[in-house]
2 protein chains.
Amino acid sequence: MTSTTSPASTPSTLGFAILAVLARGNRTGYDLAAAMRRPVGYFWTARHSQIHAELQKLRAAELVAYESEHGPGPQDKKVYHLTPEGRRALREWVTEPPRERPERDELVLKAYASWLAEPGMVRRMFAEQLAAHEERLAEYERHEASFGGPPALGDPRFGNYATLLCGLGYERHRIEWCRWMLSRLGEDA
Amino acid sequence: MTSTTSPASTPSTLGFAILAVLARGNRTGYDLAAAMRRPVGYFWTARHSQIHAELQKLRAAELVAYESEHGPGPQDKKVYHLTPEGRRALREWVTEPPRERPERDELVLKAYASWLAEPGMVRRMFAEQLAAHEERLAEYERHEASFGGPPALGDPRFGNYATLLCGLGYERHRIEWCRWMLSRLGEDA
DNA sequence: TACGTCATGTAACTTGTTACATGATTAG
DNA sequence: CTAATCATGTAACAAGTTACATGACGTA
């Protein structure tokens, strides 16, 4: 009786992203896809096709389970929840050092090659980027104002606040760098 | 005589990364792989397997060409250079707005889920990350000191300096954020 | 003798994107 | 009547990683 117990290799980072959303409340695949756009989507995104596939893997590993409710559409709707093992796996994963992924930043790559283009054209492109970052910063600042300071550690909202603060810092850094590029690209007179 | 002229769709971002390195001088695939580790690798990386494959596509699109020199090893060594079309394609690409890629940041995801882990353990992990960022910042600062201020616009070294400055700003932002996390995670007494 | 560097490539796999496919309910 | 939202999935593809495979030359 060589029972084929699943090898259950550790989930991908996407798997943990899903677990992290599910830790805040039960969701359907559809809800998860929506959550992975905003605000979680600011640091991890996925399309619904990828999410449904990953949910099947997580279920095979018994980290999530679902309850069916009928409708709407041809298939049943599946409301997923964390299993106790799922919660434990997530807890453990949080404190493990993140695996480094190589930076891949197209704007920086363009800056690297900017010496051979027309400064005026490069400038226009960076001005657009600056505007986009300023807009996003304003959005984050509005969001931050809606928090009355940082929530307590054990509160799920602490997670939201921490990520928001990171986004805020990132946009400020980007804005500063874009402005530096613009100042170098002339026409600051 | 339906001559199958290649469709020559625009290269991937990796393709342009290769063109950007090649614009600074002729290289073999091996040299490119080395360059894509450091310092270009700070904002775009690729393994040699991917680079060789991409070079073949770029050659099919006639954006690069090579000259063979014999040895070492079983195959000839191929020294690649930009074609005039390759240089033009790169120039045009530089000033086009970068296509947004979704942020995927594992450390921020961990922060998002940090509310359900033990603060002490989370703290240890963030302290490690802080140290890593401080080390990298120091490295960048040494590198910056070796420039005597920003090079002129038309100088290839302008590209290096611009990317370095972005890296500097990024590391400072990360350090600040890690310190904020640590301050929240207690034990600041 | 063994290891590191130079140099090329292929194959299998994982991750992520885009497009296809279905269908009920509700708001305009 | 039409479009958006809710809800599930598959298939084809592009991008990226890891491992395999070869082999000369120089150094320890």
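What you see below is based on every heavy atom in this structure, not just the backbone, and it leaves out hydrogens, waters and symmetry mates. Proteins come first, then strands; the chains are lettered A, B, ... in the order of their sequence lines, and each starts at number 1.
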Extract all donor-acceptor atom pairs below 3.5 Å that involve side chains of residues 85-103 of chain A and protein atoms in other chains or at least two apart in sequence.
unit_1, atom_1, unit_2, atom_2, d
A:Arg91, NH1, B:Leu116, O, 2.8
A:Thr95, OG1, A:Glu92, O, 3.3

* Asked: Can you give one letter per nucleotide of nucleotides 9-19 of chain D, 5' to 3': B if a protein heavy atom sits under 4.0 Å from the base, S if only from the sugar-phosphate, - if neither?
  -> BB----SBBBB
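The CG atom of A:Asp76 sits 18 Å away from the P atom of D:dC6 (whole-angstrom rounding). Straight-line distance from the OH atom of A:Tyr30 to the P atom of C:dA24: 17 Å, rounded to whole Å. A straight line from CZ of A:Arg27 to P of D:dA7 spans 12 Å, rounded to a whole angstrom. Between the CG atom of A:Leu55 and the P atom of D:dA7 there is a distance of 14 Å, rounded to whole Å. The distance between atom CD of A:Glu69 and atom P of D:dC6, rounded to the nearest whole Å, is 15 Å. For the pair B:Ile51 CD1 and C:dA7 P, the computed distance is 14 Å after rounding to whole Å. Rounded to whole angstrom, the span from the CZ atom of B:Arg37 across to the P atom of C:dT5 amounts to 10 Å. Regarding A:His70, its NE2 atom lies at a distance of 14 Å from the P atom of D:dT8, rounded to whole Å.
Judged as a ring pair (Phe, Tyr, Trp, His ring centres under 6.0 Å), and not counting sequence neighbours, the contacts of A:His143 are A:Phe147. Under the side-chain contact (heavy atoms from CB on, under 4.5 Å) criterion, B:Gln56 pairs with no residue, sequence neighbours left out. Residues satisfying the side-chain contact (heavy atoms from CB on, under 4.5 Å) criterion with A:Ala34, sequence neighbours excluded, are A:Arg37. Scored by the side-chain contact (heavy atoms from CB on, under 4.5 Å) test, B:Arg24 finds A:Tyr112, A:Trp115, B:Arg27, B:Pro156, B:Asn160 as partners (sequence neighbours excluded).
A centroid separation of 6.0 Å or more is found between the aromatic rings of A:Phe126 and A:Trp180.
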